[in-house]
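Remarks on the structure that follows.
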Amino acid sequence: MIDSRLLSGLRRRFPARSAEGGTAPLLPGRQVVSALWVSDGAAPEGLWQKLHREHGAGSGLWPLLLDPKSGGDGPHLDGQDLGLAPGEPAPHGHDPAALLRGWWERAVLWCPTGDPQERAELLETLEPFGAAWPGLAPAVEHAASSLPDPEDCADALARQLLRSRPGLRIGLVRADGGAQALAACGWNGTNGHGDSGALAAVLRSWQERFGARLVQAGPDSLYLSVAAPPTGLREALLVAAEHAAFCPGNLFQSEEGLTGYAGELVDEGCWSFWWD
């Protein structure tokens, strides 16, 4: 389905061959799903930042770095190449606290064999919380003068990601921000862990509490910049519990359990998630 508002927004903000003036020139590309335009080729360094600033100036188009599936390297990507399923629910109406608690209880505390020893080892991995969901982490408090600009942090992460993965595409989504963009394009890379509307509700909560911004989406991964990460282990433990509920694989890739994973989050300005 063609989204006329997406196309008119592209034409208005990025007229053909607009290499001069206040707008960023747009690469050749096409509409992949209703609310998403994707470039045919790799994103040049600096374009994401320009498009990001255009969003702040009122374009209504949120930029995403997109990492296609293996084999989706040609110019004619489709939704499956990008892990998209159009028509997923919007983030409205979801309670992030209830979602994270439910995911914690369903996925993190799930013991497939029912073996008591395996259950005990799982609970040990979740120390200091064990089976008890600890609740949402509070917003990290910083002196106003020391808090980085979340948009500058997003620009810096985009630069870093493009330097490490020069083949990433540029996507533009008609959305108010990164959380809404995830729901609008129907991202579904969690292998059934949660739909895009539910995930977007959690991202929106992280935007508000930690200055997080969605920068890159792959078919099974997300990368967020974080302007106000936890500054000590006590705060990081609660954030780590949210991450474990949101993406259990993050926790189980850490050999030192929740406490070890929490230590990696202290002062960390990039949160990455990968679902297998």
Side-chain angles (χ1 to χ4, degrees), residues 91 94-110 122-144 146-154 156-157 160-161 177-179 182 189-190 193-194 196 198-217 220-276:
H94 289 288
D95 178 358
L99 287 168
L100 289 166
R101 182 187 184 105
W103 289 336
W104 174 275
E105 295 173 349
R106 184 190 73 188
V108 177
L109 297 181
W110 179 58
L122 178 59
L123 293 177
E124 184 178 353
T125 299
L126 299 173
E127 290 296 338
F129 304 126
W133 167 243
L136 291 184
V140 177
E141 295 185 2
H142 290 262
S146 66
L147 183 64
D149 180 357
E151 313 312 328
D152 289 343
C153 293
L157 179 59
Q160 175 186 338
L161 291 170
L182 197 73
T190 67
H193 182 63
S196 63
L199 297 171
V202 175
L203 293 192
R204 186 173 56 190
S205 178
W206 288 345
Q207 287 176 179
E208 296 167 354
R209 285 182 287 147
F210 307 111
R213 299 290 185 269
L214 178 61
V215 176
Q216 180 184 329
D220 55 9
S221 62
L222 297 174
Y223 289 80
L224 284 68
S225 63
V226 186
T231 58
L233 185 59
R234 179 179 298 179
E235 300 91 342
L237 278 166
L238 290 171
V239 176
E242 292 192 31
H243 283 205
F246 185 77
C247 180
N250 276 36
L251 171 62
F252 297 125
Q253 291 172 35
S254 174
E255 296 180 358
E256 300 180 19
L258 193 69
T259 301
Y261 179 69
E264 299 172 6
L265 296 179
V266 174
D267 295 324
E268 175 54 55
C270 173
W271 292 351
S272 60
F273 302 93
W274 176 71
W275 291 264
D276 56 13

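Just so it is clear, the values below take in all heavy atoms, side chains as well, and ignore hydrogens, waters and symmetry mates.
Expressed to the nearest 0.5 Å, how far OG of Ser221 lies from CD of Gln216 amounts to 6.0 Å. With rounding to the nearest 0.5 Å, the separation of OG1 in Thr231 from CD in Glu268 is 14.0 Å. If you take CZ on Arg213 and CD on Glu151, they are separated by 4.5 Å, rounding to the nearest 0.5 Å. Taking CG from Asp152 and CG from Leu157, the interatomic distance works out to 13.0 Å, rounded to the nearest 0.5 Å. With rounding to the nearest 0.5 Å, the separation of CG in Leu238 from NE2 in His243 is 11.5 Å. The SG atom of Cys270 sits 8.0 Å away from the CG atom of Leu224 when rounded to the nearest 0.5 Å.
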Quick one, Leu182 with Leu203, criterion side-chain contact (heavy atoms from CB on, under 4.5 Å). Give me CA distance, side-chain angles, the key distance, then yes/no. CA-CA 9 Å; Leu182 197 73; Leu203 293 192; 3.7 Å; yes
Could you walk me through whether Thr190 and Trp103 pass side-chain contact (heavy atoms from CB on, under 4.5 Å), step by step? CA-CA 12 Å; Thr190 67; Trp103 289 336; over 6 Å; no
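Aromatic ring centres of Phe252 and Trp274: separated by at least 6.0 Å. Between Phe246 and Trp104, the distance from one ring center to the other does not fall under 6.0 angstrom. Proximity of the aromatic rings of Tyr223 and Trp271 is defined here by a centroid distance below 6.0 angstrom, and this criterion is not met.
Atom CZ of Arg106 has more than 12 heavy atoms from other residues, nucleotides or ligands within 6.0 Å.
Across Pro148 and Cys153, no two heavy atoms sit closer than the pair CB-SG, 3.6 Å. Considering every non-hydrogen atom in both Gln207 and Gly177, the closest pair reads OE1-C, 4.5 Å. For Gly178 against Leu214, the heavy-atom pair with the smallest separation is O-CD2, 3.5 Å. The nearest pair of heavy atoms linking Leu147 to Ala228 is CD1-CB, 3.6 Å. Shown here for Gly263 and Leu233, the closest heavy-atom pair between the two residues is N-CD1, 3.9 Å. Leu265 approaches Pro229 most closely through the heavy-atom pair O-CB, 4.2 Å.
The main-chain N or O of Phe273 is never found under 3.5 Å from a side-chain atom of Asp220 such that the two would form a donor-acceptor pair.
Applying the side-chain hydrogen bond (donor to acceptor under 3.5 Å, both in side chains) test to Glu256 and every residue at least two apart in sequence or in another chain returns nothing.
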Report all side-chain donor-acceptor pairs from residues 122-138 shorter than 3.5 Å, counting only partners two or more places apart or in another chain.
from, atom 1, to, atom 2, distance (Å)
Thr125, OG1, Glu121, O, 3.0

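Considering only heavy atoms from C-beta on, Val215 comes within 4.5 Å of Ser225 through its side chain. The shortest distance between side-chain heavy atoms of Val239 and Phe210 falls below 4.5 Å. With a 4.5 Å cut-off on side-chain heavy atoms, Glu242 and Arg209 count as touching.
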